[in-house]
Amino acid sequence: MALEELLSLNLSDHTSKIIAEYIWIGGSGMDMRSKARTLPAPVSDPKQLPKWNYDGSSTGQAPGEDSEVILFPQAIFKDPFRKGDNILVICDAYTPAGEPIPTNKRAEAAKVFSDPKVVEEVPWFGLEQEYTLLQKDVNWPLGWPIGGYPGPQGPYYCGTGAEKAYGRDIVNAHYKACLYAGINISGINGEVMPGQWEFQVGPAVGISAADELWCARYILERITEIADVQLSLDPKPMQGDWNGAGCHTNYSTKSMREDGGYEVIKKAIEKLRLRHKEHISAYGKGNERRLTGKHETADINTFSWGVANRGASVRVGRDTEKENKGYFEDRRPASNMDPYVVAAMIAATTILWNSDGKV
């Protein structure tokens, strides 16, 4: 019997038991960890799932003499790898006393998104995740000659052809797997640097956008594992005249989407300007290598915004200006940003924060 036959066994024909893959974020704040357990029957609500634990000393999240970290299930997605009633479970991590561990950024985000003022504004997020596919073991982009370079940027963005698009099967497999999982993935495209791609999650409301992006990242890493290709979320994987990788964050509130919302948008952008340094410090490690003022970025030290300006910190679309309502795009977050941190910070600054520094 081939291994593939065993992997594709349909459990529902023989048992009511399912497999739940518990997923969490490790000590670096970017590494994703997971382990599986058997449950007696299908589950659709994370509140029905048991809490679990793991060895935090092996993930850089607890000392060896007190290593138990508790997983709280927070969101459920269908498992595209095991299929059937099997599930992926996005979790966050707590001490045995029930306190969020330092790397648990979801808990703080949940406080922001449960604030009545934020709930009332129904914040929508659309997250544009750029990433780079690398040849395993050599840390060199997929499709590039090892130690060498392809032709200059220009033909690769949304390009077609063996000499322009590298890794399309991985990208399409990820697209379908996310749709299967129930993630609100809204599109994909090839990016400006060859070997670099993008997928978009959203629009999704509040913290669910971050849950979905983390799950989509997990699925992508699993697919690249199968394909024997390395996934990089580095914001500037190749130095020189090559585009970096960001996670542009599209955002709107109920007030922005209603007639006259453009004035609300402009006030929100002014708040972002006043808190530029605070946001930049939380928008991803190594982002200074990307935000240089070149390659469709604004300089990291200067806040700017404009209509249809991809060289600005914040871009407003032509349609938003024309219709006097809509959304804006924060182009500063890096590809390795934590969506719990970024989404919560944007919501807190634009809805809860006053320019006098008070919340």
Side-chain angles (χ1 to χ4, degrees), residues 126-179 185-202 213 216-217 219-221 223-250 284 286-300 308-313 315 317-318 329-337:
L127 305 171
E128 304 177 28
Q129 177 68 71
E130 294 177 343
Y131 61 94
T132 309
L133 298 174
L134 303 177
Q135 300 170 62
K136 190 180 173 187
D137 301 326
V138 295
N139 291 322
W140 208 246
L142 198 66
W144 292 35
I146 295 177
Y149 297 87
Q153 295 182 157
Y156 310 107
Y157 173 70
C158 298
T160 303
E163 76 286 7
K164 304 183 195 77
Y166 310 122
R168 191 184 295 278
D169 283 352
I170 293 171
V171 175
N172 281 329
H174 176 250
Y175 196 176
K176 294 186 79 171
C178 284
L179 286 171
I185 185 170
S186 49
I188 59 169
N189 61 268
E191 267 304 329
V192 177
M193 189 183 87
Q196 194 175 87
W197 295 81
E198 174 183 301
F199 66 89
Q200 302 94 30
V201 167
L213 185 64
R217 285 175 171 178
I219 291 171
L220 181 57
E221 192 137 29
I223 290 172
T224 55
E225 174 189 322
I226 293 166
D228 208 30
V229 168
Q230 189 175 333
L231 170 66
S232 172
L233 295 183
D234 189 283
K236 186 72 173 179
M238 299 301 293
Q239 295 304 306
D241 197 19
W242 305 101
N243 273 34
C247 193
H248 302 153
T249 301
N250 299 277
N287 208 12
E288 71 282 351
R289 292 184 282 115
R290 168 181 161 261
L291 296 181
T292 60
K294 300 177 181 179
H295 306 109
E296 299 182 271
T297 70
D299 181 81
I300 194 168
N309 184 356
R310 282 181 163 76
S313 308
R315 180 184 68 87
R318 288 284 181 204
E329 175 193 42
D330 191 338
R331 297 179 59 80
R332 296 171 296 172
S335 50
N336 59 2
M337 64 84 146

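In this chain, residues are counted from 1 in sequence order. Everything numeric in this text was worked out from a predicted model, so none of it was measured.
Contact between Phe199 and Leu213 at its shortest, heavy atoms only, is CE1-CD1, 3.7 Å. Across all non-hydrogen atoms, the minimal contact from Pro194 to Pro150 is CG-CG, 3.7 Å. Of all heavy-atom pairs spanning Ala334 and Gly284, the tightest one is CB-CA, 4.1 Å. Shown here for Cys178 and Ala216, the closest heavy-atom pair between the two residues is SG-CB, 3.9 Å. Shown here for Gln196 and Ala245, the closest heavy-atom pair between the two residues is NE2-CB, 3.8 Å. Contact between Pro155 and Lys164 at its shortest, heavy atoms only, is O-CD, 3.4 Å.
With a 6.0 Å radius and a threshold of 12 heavy atoms from other residues, nucleotides or ligands, Tyr175 has its OH atom above the threshold.
The only member of Met193, Arg290, Arg289 that meets side chain to side chain contact (heavy atoms under 4.5 Å, CB included) when paired with Pro237 is Met193. Exactly one of Gln200, His248, Arg217 qualifies for a side chain to side chain donor-acceptor pair (under 3.5 Å) with Gln129. That residue is Arg217. Among Asn189, Thr249, Asn250, the single residue meeting the side chain to side chain donor-acceptor pair (under 3.5 Å) criterion with Glu128 is Asn250. Under the side chain to side chain contact (heavy atoms under 4.5 Å, CB included) test applied with Gln230, the options Asn139, Leu142, Thr132, Asp137 reduce to a single match, Asn139.
Checked by atom type and distance alone, the side chain of Tyr156 never pairs as donor or acceptor with a backbone atom of Gly195 at under 3.5 Å. With hydrogens and angles disregarded, a donor-acceptor distance shorter than 3.5 Å links the side chain of Glu130 to the backbone of Gly246.
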Derivation of the side-chain contact (heavy atoms from CB on, under 4.5 Å) call for Thr224 and Lys136: CA-CA 10 Å; Thr224 55; Lys136 190 180 173 187; over 6 Å; no

side-chain contact (heavy atoms from CB on, under 4.5 Å) assessment of Arg331 paired with Asn309: CA-CA 10 Å; Arg331 297 179 59 80; Asn309 184 356; over 6 Å; no

Residue pair Thr297, Arg332: steps toward the side-chain contact (heavy atoms from CB on, under 4.5 Å) verdict: CA-CA 8 Å; Thr297 70; Arg332 296 171 296 172; over 6 Å; no

side-chain contact (heavy atoms from CB on, under 4.5 Å) between Ile188 and Asn172, intermediate numbers included: CA-CA 8 Å; Ile188 59 169; Asn172 281 329; 3.5 Å; yes

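In this structure, the separation between CG on Leu220 and CD1 on Ile170 is 8.0 Å, given to the nearest 0.5 Å. Put simply, CG on Asn287 and OG on Ser335 are 8.0 Å apart, with the number rounded to the nearest 0.5 Å. Atoms CZ and CD, from Arg310 and Glu296 in turn, are 7.0 Å apart once rounded to the nearest 0.5 Å. Rounding to the nearest 0.5 angstrom, the gap separating the CG atom in Leu291 from the CG atom in Asp299 is 8.0 Å. Rounding to the nearest 0.5 Å places CG of Leu127 at 11.0 Å from CG of Asp330.
Between Trp144 and Trp242, the ring planes are tilted. Angles from 30° to 60° get that label. In this structure, Tyr131 and His174 have perpendicular ring planes: the angle between them is above 60°, well past the 30° mark.
Between Asp241 and His295, some side-chain heavy-atom pair lies under the 4.5 Å cut-off.
Residues Trp197 and Tyr166 keep their aromatic ring centres 6.0 Å or farther apart.
At a cut-off of 3.5 Å, with distance as the only test, a side-chain donor of Gln153 or Asn243 sits close to an acceptor on the other residue.
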